[in-house]
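This report refers to the structure that appears directly beneath it.
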Amino acid sequence: MKETAAGLNKMEARRNIKDSVFTKMFSQKKYLLQLYQSLHPEDTVSTEDDLRTITLEPIFIKSLTNDLGFSVNDRLFVLVEAQSTESVNISFRSFMYLAHTYQEYFEETKQNLYGTKPVKAPEPELYVIYTRNAKINKDAITLSEEFYGGKKTALDIKVNVITDENSSGIVNQYINFTKVLDAQIKKLGYKQEAIAKTIEICKNEDVLSEFLKEHEKEVVTIMRSLFDQEKALEIYFYNVRKDAEEEGRAEGRAEGEAKGRVKGKEAVVIEMIKENLEPSYINKLTKVSLERINELKTLLMDNVQLASD
């Protein structure tokens, strides 16, 4: 399948921009403290001054970046990811984020990992916030259970799962904000009206109302940018799909029209999976079933060679 390298690079660069309502809100200490308190309601003494942001900052397009990281008095590292759909791969990603965070911390504090004296290392906590309505039947995701059948190995990572059902405070409000936004997008599409209606509803229902009142213009700008990215991706993959279908029809003359069209569509799906698009979004653009998309995703994760050329 033909591949527009420039287009892929542009899309990849845009999707790696970690600028969202989530990162914007929790870049501010007062909201970051509320998030910490929702995770640790027993801690009634920590203040904004005790918190320090340690989110990994992007340097290059391929740089390792996470959604949110902060420390509490250098005794605790808290890394939080927010995503719409469940993926056990969050455990490996969180492991990579945590390892890089410790590396930066040891360099910053000038501690010698090669010496005999034990280094001082904050205790880690990992979380993933799922914002969709899907029922997640687990309170944690671990490497041992998800990838090694419960076997104890040299490495294990535990990522605590937060959903609408077990969240509280500002975390629950953020989840509700995303639900309102999803509902308005479904109803009105990726339009300015959906943004305005989302903000109006959330203000009226006291969902992130303080933050929205303080930063409404910035939130609108962020959401417009995300909408622009969504439209750009749809246009880009529409053209990729069109090219694939044309090639599929050409191949179909030799091996059967139906088979050629299927091969063309699946080639597009493979490229979308490689670009880390969500299965539901791939299904929306390609009309390939979620079951088949997940099958192809599993094959890619298992390093099965799936040729698309």
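In this structure, V180 belongs to a hydrophobic cluster whose other members, linked by side-chain heavy atoms under 4.5 Å apart, are I201.
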When you look at E295 and E291, which way does the side-chain contact (heavy atoms from CB on, under 4.5 Å) test go after all the steps?
CA-CA 6 Å; E295 285 177 357; E291 181 181 6; 3.9 Å; yes
Go through I129 and I175 one step at a time and tell me if the side-chain contact (heavy atoms from CB on, under 4.5 Å) criterion holds.
CA-CA 8 Å; I129 299 173; I175 293 174; 3.8 Å; yes
Under the salt bridge (charged side-chain N to carboxylate O under 4.0 Å, His left out) criterion, do K120 and D74 qualify, and how do the steps go?
CA-CA 9 Å; K120 294 181 179 180; D74 278 347; over 6 Å; no
D156 and S144: side chain to side chain donor-acceptor pair (under 3.5 Å), yes or no, with the steps?
CA-CA 6 Å; D156 200 5; S144 60; 2.9 Å; yes
Output, in order, the C-alpha distance, side-chain angles, deciding distance and verdict of salt bridge (charged side-chain N to carboxylate O under 4.0 Å, His left out) for E48 and K30.
CA-CA 6 Å; E48 293 179 20; K30 71 174 181 178; over 6 Å; no
Go through the steps to decide whether E145 and K138 satisfy the test salt bridge (charged side-chain N to carboxylate O under 4.0 Å, His left out), and finish with yes or no.
CA-CA 11 Å; E145 291 295 332; K138 59 187 74 172; over 6 Å; no
Start with the C-alpha distance between N112 and K117, add both sets of side-chain angles, then the distance that settles side-chain contact (heavy atoms from CB on, under 4.5 Å), and finish with yes or no.
CA-CA 8 Å; N112 182 13; K117 181 180 179 182; over 6 Å; no
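Remark: Y127 engages no residue in a ring pair (Phe, Tyr, Trp, His ring centres under 6.0 Å) (not counting sequence neighbours). By the side-chain hydrogen bond (donor to acceptor under 3.5 Å, both in side chains) test, H40 is found to be paired with E42, E125, residues two or more places apart in sequence or in another chain being considered.
Side chain of T55 to main chain of G69: a donor-acceptor pair is present (N/O by atom type, distance under 3.5 Å, no hydrogens or angles). For the pair N283 (side chain) and P279 (backbone), a donor-acceptor distance under 3.5 Å is absent. No donor-acceptor distance shorter than 3.5 angstrom exists from the side chain of K29 to the backbone of D49, with no hydrogens or angles considered. At least one donor-acceptor pair closer than 3.5 Å links the side chain of E81 to the backbone N or O of D67. Using modelled atom types, no side-chain atom of E123 and backbone atom of R75 make a donor-acceptor pair closer than 3.5 Å. Checking side-chain atoms of D43 against main-chain N and O of V45 turns up a donor-acceptor pair under 3.5 Å. Judged purely by atom type and a 3.5 angstrom limit, D50 has no side-chain atom pairing as donor or acceptor with the backbone of N73. N166 places no side-chain N or O within 3.5 Å of a backbone atom of I162 that could act as its donor or acceptor partner. For S94 (side chain) and S91 (main-chain N/O), no donor-acceptor pair under 3.5 Å exists by modelled atom type. Checking side-chain atoms of Y36 against main-chain N and O of V72 turns up no donor-acceptor pair under 3.5 Å.
Checking each of T198, T131, D164 against K179 for a side-chain hydrogen bond (donor to acceptor under 3.5 Å, both in side chains) leaves exactly one that passes, namely D164.
Relative ring orientation between H215 and F211 is described as tilted, the plane-to-plane angle lying within the 30° to 60° band.
Note that CG of L68 is 10.0 Å distant from CE of M25, once rounded to the nearest 0.5 Å. Remark: F177 CZ to N172 CG distance equals 14.0 Å, nearest 0.5 Å. Expressed to the nearest 0.5 Å, how far CZ of F70 lies from CG of L79 amounts to 9.0 Å.
Taking the centre of each ring, Y105 and F77 come in below the 6.0 Å mark.
Between the side chains of T109 and Q111, at least one donor N or O lies within less than 3.5 Å of an accepting N or O. In this structure, a donor-acceptor pair under 3.5 Å is present between the side chains of E214 and Y31.
Looking at N89 and F147, their side chains come closer than 4.5 Å, going by heavy atoms from C-beta outward. In this structure, I54 and E104 have side chains that are not in contact, with every pair of non-hydrogen atoms separated by 4.5 Å or more.
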